[in-house]
Chemist: 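What follows is a single structure, and I will ask about it in a moment.
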Amino acid sequence: MPFQIRQLGAADKTEAITLGREAFGFPVGPQHGDAQRRPWPPPGATEWGTFDGATLAAKAARHAYRSHFGGALVPTCGLAGVTVAAEYRGRGLLAPLLAQMLEHAHGEGDVISTLFASAPGIYRRFGFELIASQDTVEIASTVAAEVRPGTPLVRTRRATAADFDAVFEVYTQWASKQNGPLTRTGPCFPAVDLTEEFTGVTLAVGPDGQVLGYASWDRGSGDGADAVLNVVEILALAPEAYRALWRTLGSFSAVVGRIRLRTSGTDVARLFLPPRQWRTTSVNPYMLRVDDVAAAFSVREVPVRREIIFAVAGDGLGSMDGTYRLRPPGEADDDAPACSRIGAVGDAPPDAPVYTPGGLALAWSGVQSSANIRMAGGLSRGNAATDAVLDQALGGWAVHIRDDF
């Protein structure tokens with residue numbers, strides 16, 4: 001009997017949760033918020049599975065996201081929970097499952113896909129490439145306590161449930177100036193009670209009462225040199241706010257030896273600390289695939305100075321290959337997108353740059369120059385002039401990744 005791929009429903013909940021638990025080691029029991037008691041699939045998510053008769057052999061989930069890239073809001077398929085049962089590994093189940101899922105996501109309007117990859121090599125076969133990582137770093141709590149004070153006009157206070165909108169506004173202002181963060185809008189991100197999600201959320205507040213930054217944190221257990229204050233997020237819109245937040249976190253130094261922080265990219269928060277005190281303890285690789293090439297370049301309104309013809313070749317899932325025309329903003333007709341597919345790979349001019357799917361992910365996300373993408377084998381042909389135009393239009397921004405609230 002051939003394998004069958006379909007969207008999972010309520011009747012598949014127990015088997016899907018069990019397979020996810022086998023792969024990722026999710027804890028069991030009510031003290032861990034047993035997954036059987038939660039809504040499934042969660043709001044904004046669809047689950048897909050590959051079946052061998054009645055047996056669930058592989059599964060994956062799509063989360064409906066939008067990401068900030070180049071000042072635009074990019075519809076994003078957030079892949080999660082991708083796993084193949086141990087007895088079915090090595091039998092080629094992942095490619096058709098991902099292909100069908102991404103086809104569905106494209107039909108829903110997604111133009112890129114992203115995921116945290118435990119095994120990046122697997123996903124490179126499908127056109128994904130590493131563009132960032134979510135890192136866990138540690139600093140001594142005494143270092144935060146020693147951060148130079150800012151203006152006394154910025155103070156800190158504990159957030160209440162009524163501060164959700166103000167915290168969200170700080171995040172949105174920060175994220176809109178970055179490449180990569182999710183918008184935290186839509187059904188995947190319901191409003192939460194900040195007082196229940198964390199031990200505390202500390203706000204940095206200006207003289208007019210405006211919230212200028214926040215730090216969400218969990219106290220953990222124990223005290224002394226080995227005790228840890230877990231900071232889920234520290235974001236601010238002004239230097240005085242960063243200083244006030246760091247000093248408040250550092251006030252735990254009498255009872256907590258270390259501050260552990262989740263971060264990514266060239267985090268501005270790091271600039272207020274001595275560089276040697278920022279110690280990375282773990283990384284969580286983040287990968288991206290450009291599913292709809294023309295739409296991805298169009299939605300970003302890439303500010304190229306002249307028309308660019310480029311090609312993509314080697315897509316293992318079969319949807320990206322082709323030759324594309326990218327036009328400067330304002331030159332496209334009202335009814336025509338800024339980027340469009342104009343032919344097969346073989347139709348590209350001899351001097352047109354040709355990207356691999358992974359190479360295109362690096363270029364589109366702006367994390368590597370054309371020269372570096374060539375060194376990695378993700379770009380061939382083209383010329384220095386075209387490289388310079390694309391690098392200026394796409395490059396120069398670090399990618400930042402943040403989890404939800």
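Starting from 1, each residue takes its place in the sequence as its number.
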Chemist: With a 4.0 Å cut-off on N to O distance, would you call D163 and R158 a salt bridge?
Modeler: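 Between R158 and D163 there is no salt bridge, as every charged N stays at least 4.0 Å from the carboxylate O atoms.
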
Chemist: Are the aromatic ring centres of F310 and F297 under 6.0 angstrom apart?
Modeler: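 Between F297 and F310, which both carry aromatic rings, the centre distance is below 6.0 Å.
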
Chemist: Please check if any side-chain donor atom of D291 sits under 3.5 Å from a side-chain acceptor atom of S113, or the reverse.
Modeler: yes

Chemist: Please work out which of the three classes, parallel, tilted or perpendicular, describes the rings of F128 and Y123, given edges at 30° and 60°.
Modeler: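 Plane angle over 60°, so perpendicular.
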
Chemist: With no hydrogens and no angle check, do the side chains of T386 and R306 hold a donor and an acceptor under 3.5 Å apart?
Modeler: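 Side-chain D/A pair, T386 to R306: present.
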
Chemist: Regarding S370 and D391, is there a side-chain donor-to-acceptor distance under 3.5 Å anywhere?
Modeler: yes

Chemist: State plainly whether the residues R247 and E240 are in salt-bridge range, i.e. N to O under 4.0 Å.
Modeler: no

Chemist: For the residue pair T248 and T156, confirm or rule out a side-chain donor-acceptor distance under 3.5 Å.
Modeler: yes

Chemist: Keeping N230 on the side-chain end and R260 on the backbone end, is there a donor-acceptor pair under 3.5 Å?
Modeler: no

Chemist: Run the side chain to side chain donor-acceptor pair (under 3.5 Å) test on D292 and H106 for me, step by step, so that the C-alpha distance in whole Å, both residues' side-chain angles and the decisive distance to 0.1 Å come before the verdict.
Modeler: CA-CA 7 Å; D292 187 329; H106 181 258; 2.6 Å; yes

Chemist: Is it true that the side chains of Y214 and E233 contain a donor and an acceptor less than 3.5 Å apart?
Modeler: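 A pair is found: one side chain offers a donor N or O, the other an acceptor, under 3.5 Å apart.
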
Chemist: Using the ring of each side chain (for Trp, its six-membered ring), is W217 parallel, tilted or perpendicular to F252, with breaks at 30° and 60°?
Modeler: perpendicular

Chemist: Are any non-hydrogen side-chain atoms of D226 and R258 less than 4.5 angstrom apart?
Modeler: yes

Chemist: Answer with yes or no whether the side chains of S282 and T136 bring together a donor and an acceptor at under 3.5 Å.
Modeler: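 Looking only at side-chain atoms, S282 and T136 do form a donor-acceptor pair, the distance falling under 3.5 Å.
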
Chemist: F189 and ring pair (Phe, Tyr, Trp, His ring centres under 6.0 Å): which single residue from Y65, Y171, F168, F164 fits?
Modeler: Y65

